[in-house]
Amino acid sequence: MRNAMRFLFPAFTLCFLSLATSSQLALPRNTPNPNGITLPIFNDFAHQHYLINISVGTPPSLYSVLLDTGSTDFWLPAWNSSGCTPDPCKPGTFNPADSSSAVDIHVPFNVSYGLTPGSGMLGEYYNENISVGNAVIKNQTFAIANVPAPITPSTFWGILGLGSRYSTSSFTSPWSPVFHQLNATYTPLWESLFETGLVPRHLFSIYLNRQSADVGTITFGAIEGPESGKYEGELETVPVLLSGPLFTGWAVNLTSVTRTTTHCANSSSGAEPKTEPLTPDNFTIQVVLDTGAPNMYLPTPLYAQIAAPLTPTYHKNPEGNPTPYVRCALRNVSQPYLSFSFGGGGATHAPTIRVPYDELIYPFGLPANLGEVRGEDGAELCYFGVVETPGPVFLLGATFLRSVYAVFGGEAGEWRVGMAQARYGGGWDADERL
Ligand SMILES: *[C@@H]1O[C@H](CO)[C@@H](O)[C@H](O)[C@H]1NC(C)=O
Ligand SMILES: *[C@@H]1O[C@H](CO)[C@@H](O)[C@H](O)[C@H]1NC(C)=O
Ligand SMILES: *[C@@H]1O[C@H](CO)[C@@H](O)[C@H](O)[C@H]1NC(C)=O
Ligand SMILES: *[C@@H]1O[C@H](CO)[C@@H](O)[C@H](O)[C@H]1NC(C)=O
Ligand SMILES: *[C@@H]1O[C@H](CO)[C@@H](O)[C@H](O)[C@H]1NC(C)=O
Ligand SMILES: *[C@@H]1O[C@H](CO)[C@@H](O)[C@H](O)[C@H]1NC(C)=O
Ligand SMILES: *[C@@H]1O[C@H](CO)[C@@H](O)[C@H](O)[C@H]1NC(C)=O
Ligand SMILES: *[C@@H]1O[C@H](CO)[C@@H](O)[C@H](O)[C@H]1NC(C)=O
Ligand SMILES: *[C@@H]1O[C@H](CO)[C@@H](O)[C@H](O)[C@H]1NC(C)=O
Ligand SMILES: *[C@@H]1O[C@H](CO)[C@@H](O)[C@H](O)[C@H]1NC(C)=O
């Protein structure tokens, strides 16, 4: 916490002062709640989604959308999506004709999502009144997209992206009239909350809570204190990696992974913890902290080191790809844990986050689309939430982020991610519901 204040508070102060001047001219003025805006995040674990409720339009309608730090656009499915059966499909889709405040800004929307092939979507940007909790942002840009795949209860109905404005379709698509125009890209929703004075700080904090928890939290515009019960120890920060001069997403350097075994195979040596490195001395890879990704997606040598003691077996998923499973009994025994360290470059307070193995192993029968898998001996096998990938993009998704209280934010040239070890049980139920 102390370190976070040191790193993040000065940047905030400067930005707030400069913005205060311009906001008197252009932006609607609000009085920010010093605690920011805290909303529940719903854990749809069976379908590997974290969802947030956002209300859109006049009169407002509530939408439950995927919370995604790995992208930036906020979009809802169009009422006449080709995936709608029957057509129109409601609720959960958006029809601008039903909202008196929807304004078509005639900018095409064209996205596809990284690791999901065939996930491309086309649509159009609109400006709208969008509510986050009780805070209303007027004239916020978002998109309405045609969803081509069949829309079912297990697919998500839109995405709230929480990334960089230089990763929106409006900025990156050659079909956009403001393609690569730095000064014309729209302000993403999480930044609008700060720029319109609805929240005091240019950041947001995420607490997913444990695998089995129904609810975690997101706080827009503030960092909760340790008294929230959501983390322990110091909140340490690392710089976000830039793409050339531009902030394009929440990528950081992962500099080491170790495994600590508390109960050794050699029982005569007792429960003396033993820590072994799983990465070489000079290891560094770029990883994106991505709440929209259910698993970790890591280079093969690191995956192999992490998985080795569990002796996974591989079973084909519906797409025909071999997917690692481990014996479910491994969820119950006292497990070793991994420690992920970030930063490098001589950082003295780089975050180190412990991830217990039982948080990497899904319960039997989940995720729902894969169903129950058994070994040849009939033993229950459980899905393993670490995936090997050739890169170049590596992700730390929910199987990592559940172990963290993470703060994302900063200013131009000062983008940072803060991380502290999550404490479980500090949820929406515990202290937020008033
Ligand atoms: C969230 O939104 C969904 C879909 O509109 C709705 O069914 C659910 O009741 C909402 N939950 C809360 C807590 O508002
Ligand atoms: C939905 O309706 C809009 C406006 O009428 C139209 O431009 C769009 O092509 C339609 N989408 C589909 C998938 O039919
Ligand atoms: C959308 O973008 C893809 C590339 O990402 C491109 O192949 C496609 O032609 C684009 N479609 C439209 C209608 O702009
Ligand atoms: C929606 O936007 C319109 C036009 O900007 C505004 O007059 C209206 O009060 C807004 N509605 C809400 C609920 O904020
Ligand atoms: C809404 O935003 C657009 C830019 O996207 C701007 O041109 C327009 O003036 C804004 N309207 C209001 C009422 O602020
Ligand atoms: C944005 O920048 C471009 C050059 O990069 C310039 O031509 C254009 O006039 C600028 N637009 C505004 C609104 O400042
Ligand atoms: C990330 O790691 C690379 C390779 O070691 C290094 O060159 C770069 O300075 C690091 N960046 C940050 C922001 O730590
Ligand atoms: C078990 O631990 C003891 C004491 O540390 C050591 O002497 C012995 O060689 C170990 N056995 C194995 C199989 O590692
Ligand atoms: C990392 O260290 C190994 C030996 O410890 C060396 O072979 C390798 O070249 C080093 N890699 C880099 C990028 O420095
Ligand atoms: C693991 O623990 C659960 C309850 O926590 C129990 O239902 C299950 O039978 C146990 N499985 C094994 C293999 O011990």
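In this chain, residues are counted from 1 in sequence order. From a predicted model like this one, the values you see are computed outputs, not experimental measurements. Counting convention: from 1, in listed order, for ligands and their atoms alike.
Looking only at atom types and distance, the side chain of S169 has no donor-acceptor partner in the side chain of N110 under 3.5 Å away. Side-chain N/O atoms of N127 and N139 include a donor and acceptor closer than 3.5 Å. A donor-acceptor contact under 3.5 angstrom links the side chains of D73 and Y125, judged on distance only.
Side-chain N or O atoms of S339 include none that pairs as donor or acceptor with a backbone N or O of T352 at under 3.5 Å.
A salt bridge between E359 and R210 is absent, with no side-chain N of the basic residue lying under 4.0 Å from a carboxylate O of the acidic one.
Listed by number with element, the atoms of ligand 7 under 4.0 Å from a non-hydrogen atom of G343 are 14 (O).
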Report the C-alpha distance between R416 and T237 in whole Å, list the side-chain angles of each, state the deciding distance to 0.1 Å, and finish with yes or no for side-chain hydrogen bond (donor to acceptor under 3.5 Å, both in side chains).
CA-CA 6 Å; R416 291 187 162 268; T237 70; 3.0 Å; yes
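Here the protein heavy atom with the shortest distance to atom 5 (O) of ligand 1 is L62 O, 3.4 Å. The single protein non-hydrogen atom nearest to atom 13 (C) of ligand 1 is F42 CZ, 3.5 Å, given as residue, atom name and distance.
At a heavy-atom distance under 4.0 Å, only side-chain atoms of L241, from C-beta outward, approach ligand 7. Contacts with ligand 1 closer than 4.0 Å are made by side-chain heavy atoms of N53 only, the backbone lying farther away.
Checked against a 3.5 angstrom limit, the closest N/O atoms of T141 and ligand 5 fall outside it. Considering backbone and side-chain atoms together, S64 places no N or O closer than 3.5 Å to any N or O of ligand 1.
The only member of F142, Y126, W157, W79 that meets ring pair (Phe, Tyr, Trp, His ring centres under 6.0 Å) when paired with F94 is F142.
Distance screen at 4.0 Å: atom 9 (O) of ligand 1 has no protein heavy-atom neighbour inside the cut-off.
Every heavy atom of I105 sits 4.0 Å or more from the atoms of ligand 5.
The heavy atom nearest to atom 1 (C) of ligand 5, out of those in V107, V103, N139, T187, is found in N139.
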